Every structure is written in structure tokens, then in C-alpha cells.
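All remarks here apply to the structure that follows.
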There are 2 protein chains.
Amino acid sequence: MDGLTINEAARTTGWSPRMLRYVERTGLVSPGRSASRYRLYGPAQLQRLRTLKELLAGFDIALSDVAFAARMTRDEELRAAVTAWLEAKPVRPEHVDAEDWLRFEQDKHEKLLAA
Amino acid sequence: MDGLTINEAARTTGWSPRMLRYVERTGLVSPGRSASRYRLYGPAQLQRLRTLKELLAGFDIALSDVAFAARMTRDEELRAAVTAWLEAKPVRPEHVDAEDWLRFEQDKHEKLLAA
DNA sequence: TAAACCTTGACACTCTCGTGCTAAGGTTTG
DNA sequence: CAAACCTTAGCACGAGAGTGTCAAGGTTTA
């Protein structure tokens, strides 16, 4: 039996047993299982649970936020798409190039035609 | 008047006027304002709204996810903390070093004492 | 000036997240 | 074997995301 069971893990990490199961469902911290399917938390998992708790509290972020960050880490395409969108951000309505204005005019025309 | 008003922008982007206001509150796409505080969407904003819509639909992610990614982009410390936590992930209960086991034993003892 | 727009604020509803608790049934252990 | 645990499933509930709609009041425009 190498690992703490769910209630023991809960006591040493500050999470509730219920939440440990929930965290597992998010895929962020998954314990191993005994032959009879009991969750077994090893030292690595316990440490991750503690630091995860600090991370959430320290920056006031949600489990789903970390889960999303994890997904971005795994999914190369997603990360590329999101960062690409974000990088295009610092565009101000003041500085617009000719092509953008062209599309803009087209929009206005489409709108007029649609009306 | 250089920019489309909210209803016009809604028609050309596929978002509802209500959602355009909501998106603005998330800080992801903020239009300029006319003298009388009317929202004015320029070509850049319109394009961002369209691509944002594709991004959400294409990867089945939420506005709040992109908002979180944006926050990580801005907040250096947050990004460092989250990536640090995620990078420590590929640790399997099988491969654990001596120090981890030491902490593990300490956990067990704490637990016994606390009981 | 009257119709058509825009603004903010608020009520409301559906979904998901985060959490607790209970039930029915297997496992471990004193 | 009986007490103490563990498992999954499910009910419940507050909070926040996402979205519509309506109201009261200012702006633009035909």
C-alpha cells in the first residue's frame, strides 16, 4: 500500500475528500489506484495538491483556469490560435492600415445592402 | 463618426449587441466611444470580434478562458507560477526521488500524530 | 420634432463550477 | 465479524458565465 488513501491525503493537503475527487476529474492531479480501486496519493501528488492550493489562493484563479492552461500546454494548435489572437491585440482604432479600411468600407456596404 | 455603432457591428460580426457589451466587460475587445459615449467599432475591432468568435467555436473554449490567457500574458508573475506548476506535472508515482519519499514519510507521521 | 438608435441598469433564466452530504455496496482491519 | 474506510452515483445549492429583454433617459437623423 504505497500511498495515502483519500481521507489521509485530504487531511495532509487541506483539500476535502470530495474536492480531491473533483480535482482528479479536472485531470490536474490524478492519484494511482490500489488493486481494489482505492485512490493512493504518493508524495508527488500530495505536493502538487498543496502547491495547487497555493496557486489558486495566491492569484485568486479557478481550477478551470489552470485546467485551461494545462490544455493549452498539451494542445499545440490551441495554444498557437490563442496566442495569435492575443498578440494581435495592441491594435488601436487610431492606427489602421489601408487594407483594414478597405474591409471596413466593405462592411459598411454590406450593412447598407442588408438593411 | 469613424466606426460602426453597436447594432451595426453586431450585424457584421454575428455577435448580439448584448454580447458585444459583455465582451467589452471581459476586456477582450473594447470599442472606442463617440463624444456622446456611443460605442464605435473600427475595422480592427470588427476583425477581432470575428476571429474571437471562430476561436471560441473552433476549440470549444469560453470567453473566460481567453480572458484568463490574456491575464497570463499581462501578468508575468502569474504566468510563471502557472507554468511552473504545470511543468512539474509529468511526475509519476513510480519515479520518485529520495527527498520526495522523505516528505512522504513525514506526511504519514503527521497524519498518525494528528489522528 | 418624431422615429430610430444608443446608454446604463436591472430582472431573469440556463449552465457549469465548486462543494457538501447521503445512499448502496465493496474492502481493510482490529 | 463489525467498525471504519473506499467507490460511484446523485441530490442540492450558491456563485459566476452567458444571454435575452425591458425600462428610463440621452442622441441622431429623416
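Numbers restart at 1 for each chain; the letters A, B, ... are given by sequence-line order, proteins then strands. Every value quoted in this text rests on a predicted model; they were computed, and no experiment measured them.
One interatomic measurement links the two molecules: OH of B/Tyr41 to P of C/dC5, which rounds to 17 Å at whole-angstrom precision. Atom pair B/Leu40:CG and D/dT27:P shows a separation of 14 Å (rounding to whole Å applied). Taking atom CZ of A/Phe68 as the reference point, atom P of D/dA17 lies 15 Å away to the nearest angstrom. Residue A/Arg33 contributes atom CZ, which lies 13 Å from atom P of C/dT28 at whole-angstrom precision. Atom-to-atom, CG of A/Leu20 to P of C/dG18 comes out at 14 Å; the value is rounded to the nearest Å. For the pair B/Glu24 CD and D/dG18 C1', the interatomic distance rounds to 16 Å; values are reported in whole Å. Atom CD in B/Glu8 sits about 9 Å away from atom P in C/dC5, given to the nearest Å. Atoms CD1 (B/Ile6) and C1' (C/dC5) sit 11 Å apart, rounded to a whole Å.
In terms of phosphate contacts, B/Ser64 brings no side-chain nitrogen or oxygen within less than 4.0 Å of OP1 or OP2 of D/dG16. One finds no side-chain N or O of B/Arg25 lying less than 4.0 angstrom from the OP1 or OP2 phosphate oxygen of D/dT19. Phosphate contact (OP1/OP2 of D/dG18, side-chain N/O of B/Tyr22, threshold under 4.0 Å): present. Phosphate contact (OP1/OP2 of C/dT8, side-chain N/O of B/Arg37, threshold under 4.0 Å): present.
Helical stems in DNA chain D, defined as runs of 3 or more consecutive Watson-Crick or G-U wobble pairs with donor-acceptor distances under 3.5 Å: C:1-30 with D:1-30.
Smallest separation of non-hydrogen atoms from A/Ile6 and A/Pro17: CD1-O, 3.5 Å.
The side-chain heavy atoms of A/Arg21 and A/Arg39, taken from C-beta on, include a pair separated by under 4.5 Å. Using a 4.5 Å cut-off on side-chain heavy atoms (C-beta onward), A/Leu4 and A/Leu40 make no contact. Two residues are said to be in side-chain contact when any heavy atoms from C-beta on lie closer than 4.5 Å; A/Phe68 and A/Leu78 meet this criterion.
A donor-acceptor contact shorter than 3.5 Å links the side chain of B/Arg79 to the backbone of B/Met72. A distance-only check finds a donor-acceptor pair linking the side chain of B/Trp85 to the backbone of A/Arg48 [under 3.5 Å].
If you find the closest nucleotide of DNA chain D to B/Ser36 and to B/Leu63, the one lying nearer the 5' end belongs to B/Leu63. Residue B/Arg21 is the one, among A/Ala62 and B/Arg21, whose nearest nucleotide of DNA chain C lies closer to the 5' end (criterion: closest heavy atom).
In the set D/dG20, C/dT7, D/dA17, D/dG20 carries the atom at the smallest distance from any side-chain atom of B/Arg18.
Scanning atom types as modelled, one donor and one acceptor separated by under 3.5 angstrom connect the side chain of A/Tyr38 and the base of C/dG26.
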Point to revise | Derivation of the side chain to side chain donor-acceptor pair (under 3.5 Å) call for A/Glu8 and A/Thr5 | key: CA-CA 5 Å; A/Glu8 297 168 334; A/Thr5 60; 3.2 Å; yes
